[in-house]
Amino acid sequence: QVVESGGGLVQAGGSLRLSCAASGRTYSRYVMGWFRQAPGKEREFVAGTTWNGGSTRYADFVKGRFTISRDNAKNMASLQMNSLKSEDTAVYYCAAAFGLVPPTDGNDYGYWGRGTQVTVSS
């Protein structure tokens, strides 16, 4: 099970930190990813991290602004979002996949949270 938290309303240029709590004794064996879906748009990959957080990947539109991290001792993953823009407004989802490299295709993730709303006002 995967549960997101930390969404909310923020002004453009501000920051938010999303958290993802995962249950299961094998959490550390999963790669973690963050996706988002804006109204009327398809779901898109935002960021992903390997099982130990040693390698990460980001969508071009968040590079330098967002940072993904994880704490396996706490079964937690996080997404620090800085310099937020109005176009970052979306529902953000945390997802888990079994593997070595975090996929960018959401279809490769087997576990999903219900999402948390992020709204950036301009």
Side-chain angles (χ1 to χ4, degrees):
Q1 184 179 5
V2 176
V3 180
E4 308 93 339
S5 62
L9 174 65
V10 65
Q11 289 187 334
S15 299
L16 277 176
R17 185 177 182 87
L18 305 182
S19 296
C20 174
S23 59
R25 292 177 294 175
T26 59
Y27 167 74
S28 62
R29 297 169 59 184
Y30 288 84
V31 297
M32 301 298 295
W34 285 95
F35 290 75
R36 71 185 188 186
Q37 187 167 21
K41 296 186 177 181
E42 293 187 353
R43 180 180 62 194
E44 59 185 356
F45 173 80
V46 175
T49 178
T50 52
W51 71 274
N52 63 352
S55 180
T56 56
R57 63 192 312 183
Y58 296 92
D60 287 343
F61 53 79
V62 301
K63 283 182 179 178
R65 300 190 298 126
F66 291 10
T67 302
I68 187 172
S69 61
R70 67 187 294 167
D71 184 341
N72 288 344
K74 298 180 180 179
N75 281 17
M76 295 284 293
S78 299
L79 184 68
Q80 178 66 41
M81 305 185 296
N82 299 326
S83 302
L84 284 162
K85 307 175 182 179
S86 57
E87 50 264 44
D88 293 320
T89 295
V91 178
Y92 283 71
Y93 298 90
C94 180
F98 186 71
L100 297 177
V101 179
T104 59
D105 186 341
N107 293 321
D108 293 328
Y109 287 80
Y111 302 92
W112 289 85
R114 301 180 71 173
T116 184
Q117 176 70 46
V118 172
T119 303
V120 184
S121 63
S122 57

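Positions are given from 1 along the sequence.
Side-chain contact check for Thr104 versus Arg57: some heavy-atom pair is nearer than 4.5 Å. Contact of the Met81 side chain with the Asp88 side chain is not registered, since no non-hydrogen atoms from C-beta on lie closer than 4.5 Å. By the 4.5 Å heavy-atom criterion applied to side chains, Trp51 and Arg29 are not counted as neighbours. Counting heavy atoms from C-beta on, the side chains of Ser19 and Met76 come closer than 4.5 Å.
With sequence neighbours excluded, the residues forming a ring pair (Phe, Tyr, Trp, His ring centres under 6.0 Å) with Tyr30 are Phe98, Tyr111, listed by chain and number. Not counting sequence neighbours, Glu87 has no partner by the salt bridge (Lys or Arg N to Asp or Glu O under 4.0 Å) test.
Using a 4.0 Å cut-off between charged nitrogen and carboxylate oxygen, Asp60 and Lys63 count as a salt-bridge pair. Using a 4.0 Å cut-off between charged nitrogen and carboxylate oxygen, Arg36 and Glu44 count as a salt-bridge pair.
No donor-acceptor pair under 3.5 Å is formed between the side chain of Asn72 and the backbone N or O of Asn52. Counting only distance, with no hydrogens or angles, the side chain of Gln37 and the backbone of Ala90 share no donor-acceptor pair below 3.5 Å. A donor-acceptor pair under 3.5 Å is formed between the side chain of Glu4 and the backbone N or O of Cys94. When atom types are taken as modelled, the side chain of Thr89 and the backbone of Val120 share a donor-acceptor pair closer than 3.5 angstrom.
In plain terms, the two heavy atoms of Arg65 and Ser83 that are nearest each other are NH1-O, 3.0 Å. Taking every heavy atom of both residues into account, Pro102 and Val31 meet most closely at CA-CG2, 3.8 Å. For the residue pair Trp34 and Cys20, the shortest heavy atom distance occurs at CZ2-CB, 3.6 Å. Heavy atoms only, all atoms of each residue included: Val46 and Tyr92 are closest at CG2-CE2, 4.3 Å. Minimum interatomic distance between Leu16 and Gly6 (heavy atoms only, all atoms of both residues): CD2-O, 3.9 Å.
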* To do: Could you walk me through whether Ser78 and Arg17 pass side chain to side chain contact (heavy atoms under 4.5 Å, CB included), step by step?
  => CA-CA 7 Å; Ser78 299; Arg17 185 177 182 87; 3.5 Å; yes
* Verdict with supporting geometry, Asn107 and Arg43, side chain to side chain contact (heavy atoms under 4.5 Å, CB included) -> CA-CA 11 Å; Asn107 293 321; Arg43 180 180 62 194; 4.0 Å; yes
* To do: Would you please test Ser23 and Asn75 for side chain to side chain contact (heavy atoms under 4.5 Å, CB included) and show each step?
  => CA-CA 7 Å; Ser23 59; Asn75 281 17; 5.7 Å; no
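Interatomic distance, Ser121 OG to Leu84 CG, rounded to the nearest 0.5 Å: 10.0 Å. Interatomic distance, Phe66 CZ to Leu18 CG, rounded to the nearest 0.5 Å: 8.0 Å.
A continuous path of ILVMFWY side-chain contacts below 4.5 Å connects Val10 to Phe61, so both sit in one hydrophobic cluster. Under the 4.5 Å side-chain contact rule for hydrophobic residues, Tyr109 and Tyr58 do not share a cluster. Hydrophobic clustering of Ile, Leu, Val, Met, Phe, Trp and Tyr side chains at less than 4.5 Å, counting indirect connections, unites Phe45 with Tyr93.
In this pair, Phe35 and Trp112 present their aromatic rings tilted. The plane angle is within the 30 to 60° band.
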